[in-house]
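A, B, ... follow the sequence lines: proteins, then strands. Residue 1 opens every chain.
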Amino acid sequence: GIQVEQSPPDLILQEGANSTLRCNFSDSVNNLQWFHQNPWGQLINLFYIPSGTKQNGRLSATTVATERYSLLYISSSQTTDSGVYFCAVYVVGNEKLTFGTGTRLTIIP
Amino acid sequence: SAVISQKPSRDICQRGTSLTIQCQVDSQVTMMFWYRQQPGQSLTLIATANQGSEATYESGFVIDKFPISRPNLTFSTLTVSNMSPEDSSIYLCSVEGPVRYEQYFGPGTRLTVT
């Protein structure tokens, strides 16, 4: 099956710093989503981004489907950005979402 | 996007018992999905539930352990049967949104088995 690897696995930053999270996938995909899982376990949709670039406030994402990777940028980090970030992909011809390994982000005041 | 609720939000259960988790969506959806997230791990799909048919289980998950019901287009249940401490996880349901291949998740059920 498809492999979805995220890096780095853990990231600790000071408030105000910028960060880049990476998602690599091993096969062609119909879709890629980025989620933020908050400390209470809730999964929050950040981006639906099968290709191209999107921005939402301090967050932006870029997916290069032909090279099988996606990047999530977080600027001017806040403590509320802490949590685990997951990418997840729908594989072509397979009607299910496969999650990446996750990046745990900790923002220190 | 769909609004999804789950009950219970958390529970502590004794080994050998069963727990049924409910998932309610505010709109009619064709497919509902159940995921498990073990402590410190990523999410793993348990099964896909279509209304009016048997759920489709992923490798490593069986109906006897995780029976699923899908009585209508807005509701589903997942039962975790004969629980052991290894079943301690967050269980989440999800649905596909108005955009194909985009999924939305319920708040999750945090289960602890003692």
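If you chain together hydrophobic residues whose side chains sit under 4.5 Å apart, A:V84 and A:I74 never meet in one group. One hydrophobic cluster holds both B:L92 and A:F86 under the rule that ILVMFWY side chains link at heavy-atom gaps under 4.5 Å. Taken together through direct or relayed side-chain contacts under 4.5 Å among Ile, Leu, Val, Met, Phe, Trp and Tyr, B:L45 and B:M31 form part of one hydrophobic cluster. In the hydrophobic clustering of ILVMFWY residues, with side-chain heavy atoms under 4.5 Å counting as a link, B:I68 and B:I63 come out together. Linking ILVMFWY side-chain heavy atoms closer than 4.5 Å, directly or via other members, places B:I4 and B:F33 in two distinct hydrophobic clusters.
Applying the ring pair (Phe, Tyr, Trp, His ring centres under 6.0 Å) rule to pairs touching residues 14-33 of chain A yields nothing, sequence neighbours excluded.
Around CD1 of A:I44, the count of heavy atoms belonging to other residues, nucleotides or ligands within 6.0 Å exceeds 12.
Contacts from residues 73-85 of chain B to chain A, taken as heavy-atom pairs separated by less than 4.5 Å, involve no residues at all.
Among residues two or more places apart in sequence or in another chain, the side-chain contact (heavy atoms from CB on, under 4.5 Å) test is passed with A:A88 by A:F35, A:L97, A:F99.
For B:L43, the parts sitting under 4.5 Å from any heavy atom of chain A are the backbone and the side chain alike.
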No hydrogens needed, just list the donor-acceptor pairs between chain B and chain A under 3.5 Å.
from, atom 1, to, atom 2, distance (Å)
B:Q37, OE1, A:Q37, NE2, 2.7
B:Q37, NE2, A:Q37, OE1, 2.9
B:S42, OG, A:G100, O, 2.6
B:E58, OE1, A:K96, NZ, 2.4
B:E96, OE2, A:Y90, OH, 3.1
B:R100, O, A:Y48, OH, 3.2
B:R100, NH2, A:E95, OE2, 3.0
B:Y101, O, A:N31, ND2, 2.6
B:Y101, OH, A:N30, ND2, 3.4
B:Q103, N, A:Q33, OE1, 2.8
B:Q103, O, A:Q33, NE2, 3.1
B:Q103, O, A:N45, ND2, 2.9
B:Q103, NE2, A:Y90, OH, 2.9
B:R110, NH2, A:W40, O, 3.4

